[in-house]
Amino acid sequence: MDGSIENQKSLGGNLWKFISVNERDVELISQRYGFSSVVSSILAGKKISPDAIPDFTEPKLQRLMPDPFCLRDMQKAAVRIARAVMNHEKIGIIGDYDVDGATSTSVMRRFLEAVGIMPQVHIPERDEGYGPSQMAFDEFAAAGINLVLTLDCGTTAFDVLDTAAQKGFEIIVLDHHEAESRLPAVYAVVNPKRLDEKNDYEYLKYMAAVGVVFMTIVAVNRELRQQGFYKNSPAPDLMALLDLVALGTVCDVVPLLGLNRAFVRQGLKVMAGRRNLGLKALIDKSNITEAPSAFHLGYVLGPRINACGRVGEAYLGSRLLCSSSETEAALLADKLNEFNDQRKEIEAYVLLQAIEMLESKPQQYPIAFVSGYDWHQGVIGIVAGKLKERYNLPAFVMSVEDDEVKGSARSVPGVDLGALIISAKEQGILTKGGGHTMAAGFSLNEDRIEDFFRFAGEYVLARLGSEKITPVLEISAGLDVAGVNVELAGQLEQLEPYGAGNSEPRLMLSNVRINKPSLVGSGHIRCFLSGSNGGSLKAIAFRVADTELGHVMLNPGGMSYHVVGVLHRDNWQGRNSVQFIIEDIMRA
C-alpha cells in the first residue's frame with residue numbers, strides 16, 4: 001500500500017485501502033493470458049485462481065451449468081411439469097412483484113406457451129402481501145387448476161401452502177430465498193438454499209429465482225424430449241430467454257460469479273438482438289442508444305419494471321415481458337415510465353422525512369431505524385438502501401398500515417439480514433419475513449416496533465460495535481496517468497459484467513494535477529488530469545459541486561492529488577478514447 005494514503009481520510013470522508021494480492025498469481029496470470037500488470041493484479045485481487053480465469057473472462061453456460069437434477073426435488077418437479085404439458089393440464093403460477101419475480105414468471109410463462117400451455121398467472125399487489133395467498137388459490141380453484149408453481153416465493157409460506165396442499169393442490173416451489181429447518185408440505189421445493197442441499201456446486205446458492213426457473217425449464221425440456229414430445233414440432237429456443245434471466249439476475253443483486261456471470265454475459269448478447277418486444281420497447285422508451293450493459297439492467301430498465309409493483313399495477317411488468325404486440329409493448333413501456341416518475345416523487349418525500357427523524361435526535365444503536373404512517377410501502381426498500389448508503393449502517397424502514405407494519409431492510413458487510421429476520425421471526429417479534437444477507441422484507445404488529453428496534457439494535461451492535469463506521473474504498477490497482485489508454489479500457493471490459501460480487505475495479509492515479517475544471521449538468525464537474533510522468537486524461541465527477549470534494553476540484557490551487565475512480569471507454573459520437581470517472585480525491 002502507498003504509505004501516504006494509509007489511515008488518512010479522503011475529501012469524501014473515506015479511508016482508502018488497496019486490495020491485497022499474491023504477486024506470484026499476478027505474474028502467472030499476466031504470462032499465461034497476456035493481460036497487463038494492472039488487469040492481472042485486479043484479477044488476482046478478486047481471488048480468482050489462474051486456472052479459473054477463462055471461466056471468469058469468458059463464462060460459458062455449457063461449462064458452468066451443471067445437470068439441473070443436482071438440486072433436490074428438481075427431477076420430481078421436472079417430471080411433474082412435463083406430465084402436465086403432455087396431458088394439457090391447466091397450470092397456475094404465483095410470482096412476486098419485483099423484477100426477479102416478473103422475469104421468473106415471464107420465463108416460465110413463455111416456455112409453457114411455447115409448448116402449448118397457457119398458464120394462469122397471479123402477481124400479488126403490494127396490499128395483498130408478498131408470496132402465495134388464499135386469494136390466488138381461490139382463483140385457481142375457480143379455474144379448475146390443480147398444479148401450481150410458486151416462483152421467487154413460497155419457501156417459508158407454511159400456512160397458505162400447507163392449507164392449499166391439504167385441499168388437493170399439487171404445488172411446486174421454485175425459489176432462492178433463505179430456508180428454515182422445515183419446508184412447506186408440498187409436492188416439491190426446488191431451492192438451492194435448502195438446508196439439506198448437498199452443495200456440490202456452491203455457486204448455485206447465489207442464483208436469483210429466475211436462474212432457478214431457467215434450470216427448471218432446461219430440466220423439463222429434457223424430460224419432454226425424452227418422452228418424444230418434440231417428434232412433430234421443434235423444441236423451444238431456451239437460449240432466447242436468457243435476456244430475461246440476465247435482467248432478473250442483475251436486478252436481484254445476487255453475486256455475478258460462476259453461473260450467474262454466464263447468465264448475464266450471454267443474456268446481454270440476446271438482449272442486444274432485440275427479440276423480446278417488451279424489452280425492446282422499454283429500452284427505446286428509456287432512451288438507451290447503445291447495446292445494454294449490466295448498468296442499464298440494474299439502474300435503467302429494472303427500476304421501471306419495479307415501479308409497477310411499487311406504485312402501479314404489479315402484473316404489468318410480467319405482461320410487458322411476455323407481450324407479442326409492438327403496439328401493446330409500447331403502451332405498457334410508457335405506463336412503466338409514468339409509474340417510475342411517480343415512484344421518484346414518493347421516494348423523495350419519504351426519504352426526506354426519514355432523514356429528519358434520524359438526525360433530529362441521538363441514536364441508541366448503530367442502525368437507521370424509522371417508520372411512518374403515510375409512507376408508501378412500495379418505496380421503503382429504496383429508501384432503506386439510500387439510508388444505508390448515507391449512514392453506512394444497516395437500515396430498517398417501515399410503513400405502518402391499518403392492520404400491520406410492513407418493512408424493508410438493507411445491510412452492510414458484517415450483518416446478515418436474512419439470519420436477523422429469521423431469528424426475530426422465531427422469537428415471535430415478526431409475523432413474516434425473509435430475504436438475503438444484504439436485503440430483507442418483513443411484517444410485524446405495530447405494538448412490536450419497539451421490541452424489534454431493540455432486537456435489531458442489539459443484534460447489529462454485537463456484530464459491528466458502537467463506533468461509527470468509516471466507509472472504506474477498496475482500490476484494485478494504482479497507476480500513472482501516462483499508463484491509461486484505450487487498450488487498458490478494452491482489457492477491463494473483459495471483466496464485465498460488474499455488479500454484486502464483482503464490483504467494478506477502482507483505480508488510483510497518484511500525484512496528479514487537476515486542470516481546466518468546469519461545472520456541467522446538474523452539479524457535475526469535468527476536468528483534465530495530468531500526471532507527474534506526463535499524459536493527460538479527461539475526467540468527470542458526478543453530483544459533487546456542493547461537496548468539499550467538488551470545492552477542491554473547482555479550486556485545486558496547483559496542488560497534487562491522489563484520485564480514485566473507474567475507467568470507461570468513451571465512444572460518444574464515434575470517439576475511441578477513455579474517460580476517468582472520479583469517485584474520491586485525497587491531497588497528496
Side-chain angles (χ1 to χ4, degrees), residues 1-21 36-39 41-42 45 359 386 388-393 412-413 467-485 488-489 492 498 503-568 570 577-588:
M1 176 184 288
D2 184 334
S4 65
I5 70 168
E6 193 170 359
N7 299 322
Q8 288 193 52
K9 270 195 181 181
S10 68
L11 296 176
N14 305 300
L15 293 176
W16 293 1
K17 176 185 177 184
F18 274 94
I19 297 171
S20 62
V21 297
S36 68
S37 60
V38 169
V39 174
S41 182
I42 292 168
E359 297 185 357
K386 296 205 168 181
K388 180 211 69 166
E389 291 172 5
R390 182 182 179 94
Y391 301 111
N392 197 38
L393 295 171
V412 298
E467 286 188 28
K468 183 171 175 56
I469 303 170
T470 301
V472 175
L473 288 188
E474 291 195 320
I475 301 169
S476 299
L479 70 165
D480 293 328
V481 170
V484 178
N485 52 40
L488 175 61
L492 288 171
Y498 299 126
S503 57
E504 186 167 6
R506 290 191 183 96
L507 305 175
M508 186 180 97
L509 304 176
S510 301
N511 298 304
V512 303
R513 293 185 185 276
I514 299 169
N515 303 315
K516 300 180 182 177
S518 61
L519 276 170
V520 293
S522 303
H524 315 317
I525 299 177
R526 186 167 52 198
C527 66
F528 288 88
L529 304 176
S530 61
S532 56
N533 295 320
S536 179
L537 176 62
K538 183 172 56 177
I540 190 168
F542 294 110
R543 296 177 293 277
V544 298
D546 59 350
T547 67
E548 183 184 1
L549 191 153
H551 176 74
V552 167
M553 285 188 68
L554 291 171
N555 304 277
M559 294 176 61
S560 291
Y561 299 90
H562 303 317
V563 179
V564 164
V566 297
L567 184 66
H568 288 177
D570 181 10
S577 59
V578 292
Q579 178 171 251
F580 198 75
I581 314 300
I582 297 173
E583 294 185 13
D584 205 356
I585 292 175
M586 184 182 289
R587 291 184 175 89

To check you understand the geometry: which heavy-atom pair defines the closest contact between [X] and [Y], and what is its length?
| X | Y | answer |
| --- | --- | --- |
| E548 | L11 | OE2-CD2, 3.5 Å |
| V38 | A477 | CG1-CB, 4.0 Å |
| P505 | Y498 | CD-CE2, 3.5 Å |
| P517 | P556 | CG-CD, 4.4 Å |
| R543 | S522 | CG-O, 4.2 Å |
| D584 | G12 | OD1-N, 3.0 Å |

So, taking the atom named [atom1] in [X] and the one named [atom2] in [Y], what distance separates them when rounded to the nearest 0.5 Å?
| X | Y | atom1 | atom2 | answer |
| --- | --- | --- | --- | --- |
| Q8 | M586 | CD | CE | 5.5 Å |
| M553 | T547 | CE | OG1 | 9.0 Å |
| D480 | N533 | CG | CG | 4.5 Å |
| N485 | L567 | CG | CG | 8.5 Å |

- request: Apply side-chain hydrogen bond (donor to acceptor under 3.5 Å, both in side chains) to N515 and S530, showing your working.
  value: CA-CA 7 Å; N515 303 315; S530 61; 3.0 Å; yes
Are any of the side-chain heavy atoms of [X] and [Y] separated by less than 4.5 Å?
| X | Y | result |
| --- | --- | --- |
| L519 | I525 | yes |
| I582 | I540 | no |
| F528 | V481 | no |
| L488 | V578 | no |
| I514 | I585 | yes |
| W16 | R506 | no |
| L492 | I42 | yes |

- request: If the plane angle is over 60° it's perpendicular, under 30° parallel, otherwise tilted; pick one for H524 and F542.
  value: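 Geometry flag for F542 against H524: perpendicular rings.
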query: Does NZ belonging to K388 count more than 12 external heavy atoms closer than 6.0 Å?
result: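 Correct, the count exceeds 12.
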query: Should we say atom NZ of K9 is surrounded by more than 12 heavy atoms from elsewhere, each under 6.0 Å from it?
result: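 Atom NZ in K9 is not crowded, with 12 or fewer foreign heavy atoms closer than 6.0 Å.
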Criterion side-chain contact (heavy atoms from CB on, under 4.5 Å) on L479 and L509, from CA distance to verdict: CA-CA 5 Å; L479 70 165; L509 304 176; 3.9 Å; yes
query: Can a donor-acceptor pair be found between the side chains of N511 and S532 at a distance below 3.5 Å?
result: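 No, no side-chain donor-acceptor pair sits under 3.5 Å.
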So, [X] side chain and [Y] main chain: donor-acceptor pair closer than 3.5 Å or not?
| X | Y | answer |
| --- | --- | --- |
| Y561 | V552 | no |
| N14 | S10 | no |
| D570 | Q579 | no |

